[in-house]
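Take a look at the structure below.
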Amino acid sequence: MKKAISIILLGVTIMLCFSGCKSNYYKVDYCGEKDFYTNAKDSYKAGTTVTLYYDLIATDTDYSFYLDDERINVGYKESKGFIIEFVMPEHDVKLKSESRNTMEYIPDVEE
């Protein structure tokens with residue numbers, strides 16, 4: 001009887017450990033552009049430093065990156081492209097990139 005109870009308690013403890021550990025992982029929504037990021041995973045553990053590289057770069061384009069709609073500063077390395085780095089918070093996040101062609105003529109609007 002003691003052996004059966006011990007086995008049940010061990011099983012419950014293991015299940016609680018695995019279910020609790022998995023809940024610390026949160027998803028990243030790449031806004032349909034996950035393939036543009038090198039090193040991108042679907043989810044990360046809260047508190048993990050996430051480092052991604054964005055190498056789809058045109059010379060006449062400005063890029064901005066947003067994490068949960070807040071602009072983030074990025075680095076740059078010639079061999080890897082833009083370096084996006086952030087600490088994964090304890091919630092799902094949205095990572096969005098915006099690009100604007102700086103060589104395109106935009107006429108002034110007369111008032």
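These numbers come from the heavy atoms of this one structure, side chains and all, not from hydrogens, waters or symmetry mates. All of these numbers come straight from a predicted model, not from anything done at the bench.
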Check your understanding: Sequence neighbours excluded, which residues qualify as side-chain hydrogen bond (donor to acceptor under 3.5 Å, both in side chains) partners of T48?
Key -> none

Check your understanding: Stepwise, does the side chain to side chain contact (heavy atoms under 4.5 Å, CB included) test hold for I84 with Y54?
Key -> CA-CA 8 Å; I84 298 105; Y54 187 93; 3.7 Å; yes

Point to revise | Between CZ on residue F82 and OG on residue S64, distance to nearest 0.5 Å | key: 9.0 Å

Practice item. Provide the closest heavy-atom pair for M88 versus K27 in the form atom of the first, atom of the second, distance. Key: CE-O, 3.7 Å

**Study point:** D62: side chain to side chain contact (heavy atoms under 4.5 Å, CB included) partners, not counting sequence neighbours
**Key:** R100, T102

Check your understanding: Is a side-chain donor or acceptor of D68 paired with a backbone partner of K94 at a separation under 3.5 angstrom?
Key -> yes

**Study point:** Any residue meeting side chain to side chain contact (heavy atoms under 4.5 Å, CB included) with E78, in chain and number order, not counting sequence neighbours
**Key:** Y76

Revision key, fill the gap. Taken to the nearest 0.5 Å, the spacing of I57 CD1 from S99 OG works out to 11.5 Å

Check your understanding: Would you find a donor on one side and an acceptor on the other, under 3.5 Å apart, between the side chain of D92 and the backbone of D29?
Key -> no

Practice item. Test Y37 against L95 for side chain to side chain contact (heavy atoms under 4.5 Å, CB included), laying out the working first. Key: CA-CA 10 Å; Y37 296 90; L95 180 63; 3.7 Å; yes

Review point. Is a donor on one side and an acceptor on the other found under 3.5 Å between the side chain of Y30 and the backbone of K41?
Key: yes

Point to revise | Validation row, ring centre Y44 to ring centre Y26 under 6.0 Å | key: no

Practice item. Determine the minimum heavy-atom distance between D55 and K80, stating which atoms define it. Key: CB-O, 3.5 Å

Check your understanding: Hey, quick one: are I72 and Y63 part of the same hydrophobic cluster, counting side-chain heavy atoms closer than 4.5 Å, chains of contacts allowed?
Key -> yes

**Study point:** Test item: side-chain donor near acceptor, E33 and S97, under 3.5 Å
**Key:** yes

Exercise for review: If you link ILVMFWY side chains whenever their heavy atoms are less than 4.5 Å apart, which other residues fall into the same cluster as Y53? By chain and number, please.
Suggested key: I83

Point to revise | For T61, all residues meeting side-chain hydrogen bond (donor to acceptor under 3.5 Å, both in side chains), sequence neighbours excluded | key: none

Point to revise | Step-by-step side chain to side chain contact (heavy atoms under 4.5 Å, CB included) determination, V50 to E85 | key: CA-CA 5 Å; V50 178; E85 192 170 81; over 6 Å; no

Exercise for review: Tell me, please, which residues at least two apart from E98 pass salt bridge (charged side-chain N to carboxylate O under 4.0 Å, His left out).
Suggested key: K96

